[in-house]
Amino acid sequence: GSGGGGGGGSAARAIGMAAVRGDPERMVGLDCEMVMTAEGLELARISLVDAEGRVLMDELVQPTHAVIDHNTRYSGITEQMLAGATLTLAGAR
């Protein structure tokens with residue numbers, strides 16, 4: 001990932017509500033990449049862009065459980081990429 005991560009829950013909710021109201025200057029695009037773990041699908045990457053396509057967040061997320069399939073063909077995520085991931089799901093939220 002690009003580092004960082006952290007709080008911002010209320011800001012994220014505010015952005016989400018603005019998007020619901022249709023304010024194009026506050027809309028965001030969200031993409032999540034998932035990997036298969038021993039407990040099912042888990043988040044491995046989260047990306048957010050604004051209405052202009054500027055990257056607001058692009059982070060690798062360390063799955064909680066053992067990864068059994070990185071789904072690289074679809075996700076683009078590799079074992080090597082996740083090896084350095086330190087952000088947790090709780091941190092991404």
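Quick note: numbers below take in every heavy atom, side chains included, and nothing from hydrogens, waters or symmetry partners.
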* Asked: Run the side-chain contact (heavy atoms from CB on, under 4.5 Å) check on V28 and L56 step by step: do they pass?
  -> CA-CA 9 Å; V28 297; L56 303 174; 3.6 Å; yes

* Backbone N/O of Y74 and side chain of N71: donor-acceptor pair under 3.5 Å -> no

* Asked: Is any side-chain heavy atom of L87 closer than 4.5 Å to a side-chain heavy atom of Q62?
  -> no

* Shortest non-hydrogen contact from A44 to L82? -> O-CD2, 3.8 Å

* Asked: What heavy-atom pair brings V67 and V35 nearest, and what distance separates the two atoms?
  -> CG2-CG2, 4.0 Å

* Looking just at side-chain N and O atoms, do H70 and E79 make a donor-acceptor pair shorter than 3.5 Å? -> no

* Asked: Tell me, do M57 and I46 make a side-chain contact under 4.5 Å, heavy atoms counted?
  -> yes

* Answer yes or no: is there a side-chain heavy-atom contact under 4.5 Å between L60 and M81? => yes

* To do: Give a yes or no on whether the backbone of E42 and the side-chain of T37 come within a donor-acceptor separation of less than 3.5 Å.
  => no

* Asked: Cluster question for you: counting only ILVMFWY and a side-chain heavy-atom cut-off of under 4.5 Å, with indirect links fine, are V61 and V49 together?
  -> no

* Rounded distance (nearest 0.5 Å) linking atom NE2 of H65 with atom CD of E39 -> 4.5 Å

* **Common cluster, I68/M34, ILVMFWY with side-chain heavy-atom separation under 4.5 Å** => yes

* Asked: With the 4.5 Å side-chain cut-off for hydrophobic clustering, are L43 and L41 part of the same group?
  -> yes

* Asked: How about D58 and S47: does a side-chain donor come under 3.5 Å of a side-chain acceptor?
  -> yes

